[in-house]
Amino acid sequence: MRIIVGVNDSVIITDENVYDAHTKKFRNRNVIVLKPGEEYKVQETVDSIIEQLIAFKADRKTILIGAGGGTITDITGYVASVYMRGIQFGFVPTTLLAMADASIGGKNGVNVGVFKNMIGTVRQPQFILHDMAFLNTLPQNEWENGFAEIIKHACIKDAVMFKELEENSIKKYQKSKKGICDLVQRNVILKTKVVQRDEFEKGERRLLNFGHTLGHALENQYELSHGQAISIGMTYAALISEKLVGFKEANRVTDLLLQFDLPTFAEFHRKKVFDVLAMDKKKEKQNINYVLLEKVGKGIIKSVPLKQVENLISEI
Ligand SMILES: NC(=O)c1ccc[n+]([C@@H]2O[C@H](COP(=O)([O-])OP(=O)(O)OC[C@H]3O[C@@H](n4cnc5c(N)ncnc54)[C@H](O)[C@@H]3O)[C@@H](O)[C@H]2O)c1
């Protein structure tokens, strides 16, 4: 962890890649610079940030700002929710994934071993500032990851966006400032509306977990990026949808994922993955609330016995 001491009261949390690529933007600020990567999204990092906040003499008036990808915004929101029983916070998302998805909705937290987001809270940021200039330094594989969540939104809620994506490519969006701004805005509005209607995930918000049940079970066991993991998760969920609810467009979903350089099918150790799946937060007794597709643009939630999910995945 690197510490930079500034002149005002807010404290920015970021990671080394973002800080090194955009050092000027952090001038005169208090900054806590974390090591990059999902492996640091753990309680130990939270504890070290809290120790540093105490060293900064941060109090209840301090505003915490998470400037980074989803790893940073998830950690920042969590630290701000528990430090002194809760201080204000805001986000400056710097990856496509965080701009279009992770910074929105107030879910925060950290992983415990292979279990994703096992601890955390739901608490909304005071602001989210989109500075699209951050995308100028985003590595190609992080563009791909961002499109995984964008394709997820299209699958569950927006057939028109799905079609637009089919007619485009990462290259085209990278070349068109307006194209990428409009796309991010469309995703922000889509997710915000869902969260406003169902902040605490009693119903509709569950749709946003499309691809995440299997995806989360794979992500930390196989060191996949979040985008890659949910891309595989969406592929399997689309095929399960064909078997359980008569979905007819699984090929369209996998073709679109491949078009955006995302993985679809994967070899994995069934038992190890099913053991993690059994701890999924969407499980209720022996059933799991699986997000399926009725058609492109229309996600539904179906309670499916865990055993049946395992059998269906094994058959694919
Ligand atoms: N809270 C939510 O609702 C929600 C939703 C989706 C995903 N998530 C979480 O988000 C995380 C994934 O987010 P992510 O893909 O943004 O990961 P990330 O924060 O790990 O960023 C990915 C990589 O990009 C680098 N990076 C970030 N911005 C950059 C920039 N502008 N220029 C150069 N490099 C940059 C980072 O240093 C890192 O190496 C996962 O932990 C996932 O669980 C949370």
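Both counts, for ligands and for their atoms, begin at 1 and track the order of listing.
When the options Asp20, Asp131, Leu138 are ranked by their closest heavy atom to atom 35 (C) of ligand 1, first place goes to Leu138. The option from Ala229, Ala67, Gly70 that lies nearest to atom 14 (P) of ligand 1, judged by heavy atoms, is Gly70.
Considering backbone and side-chain atoms together, Thr137 places an N or O closer than 3.5 Å to an N or O of ligand 1. No N or O atom of Ala98 sits closer than 3.5 Å to an N or O atom of ligand 1. Ligand 1 has a nitrogen or oxygen under 3.5 angstrom from a nitrogen or oxygen of Thr94.
Ring geometry for Phe147 against Trp143 counts as parallel: the plane angle stays under 30°, on a 0 to 90° scale with 60° as the upper cut.
The protein heavy atom nearest to atom 8 (N) of ligand 1 is Ala102 CB, 3.6 Å. Considering only non-hydrogen protein atoms, atom 25 (C) of ligand 1 sits nearest to Asn17 ND2, 4.1 Å. Regarding atom 18 (P) of ligand 1, its nearest protein heavy-atom neighbour is Thr71 OG1, 3.2 Å. Counting only heavy atoms of the protein, atom 7 (C) of ligand 1 lies nearest to His226 NE2, 3.5 Å. The shortest contact between atom 15 (O) of ligand 1 and any protein heavy atom is with Leu97 CD1, 3.8 Å. Protein heavy atom in closest approach to atom 21 (O) of ligand 1: Thr95 CG2, 3.8 Å.
Ligand-side atoms of ligand 1 in range of Pro139: 33 (C), 34 (N), range being under 4.0 angstrom from any heavy atom. Interface atoms of ligand 1 facing Gly69, defined by a heavy-atom separation under 4.0 Å, are 16 (O), 19 (O). The atoms of ligand 1 that sit less than 4.0 Å from any heavy atom of Lys41 are 40 (C), 41 (O), 42 (C), 43 (O). The contact set between ligand 1 and Glu149, taken as ligand atoms under 4.0 Å from a residue heavy atom, comprises 6 (C), 7 (C). Which parts of ligand 1 touch Asp15 is read off a 4.0 Å heavy-atom cut-off, strictly below it: atoms 36 (C), 37 (O). Of all atoms in ligand 1, listed by their number and element, those nearer than 4.0 Å to a heavy atom of Lys116 are 40 (C), 41 (O), 42 (C), 43 (O). Residue Glu38 has at least one heavy-atom neighbour below 4.0 Å for each of these atoms of ligand 1: 40 (C), 41 (O). Counting the atoms of ligand 1 from 1 in the order shown, those under 4.0 Å from a heavy atom of Phe134 are 30 (C), 31 (N).
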For residues 124-134, which side-chain N or O atoms pair as donor and acceptor with protein atoms under 3.5 Å away, sequence neighbours left out?
from	atom 1	to	atom 2	distance (Å)
Gln124	OE1	Gly106	N	3.3
Gln124	NE2	Gly105	O	2.9
Gln124	NE2	Glu199	OE2	2.9
His130	NE2	Met99	O	3.0
Asp131	OD1	Ala133	N	3.0
Asp131	OD2	Lys25	NZ	2.8

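Side-chain contact between Val296 and Lys163: absent, with no pair of heavy atoms (C-beta onward) separated by less than 4.5 Å.
At a heavy-atom distance under 4.0 Å, only side-chain atoms of Pro36, from C-beta outward, approach ligand 1. By the criterion of a heavy-atom distance under 4.0 Å, the side chain of Asp74, and not its backbone, is placed next to ligand 1.
Using a non-hydrogen distance threshold of 4.0 Å, His216 does not register as a contact of ligand 1. At a 4.0 Å cut-off, at least one heavy atom of Lys191 sits close enough to ligand 1 to count as contact.
Cation-pi check for Arg85 over Tyr83 is not met; the charged atom does not lie both under 6.0 angstrom from the ring centroid and within 45 degrees of its normal.
A salt bridge links Arg2 with Asp20; the closest basic N to acidic carboxylate O contact falls under 4.0 Å.
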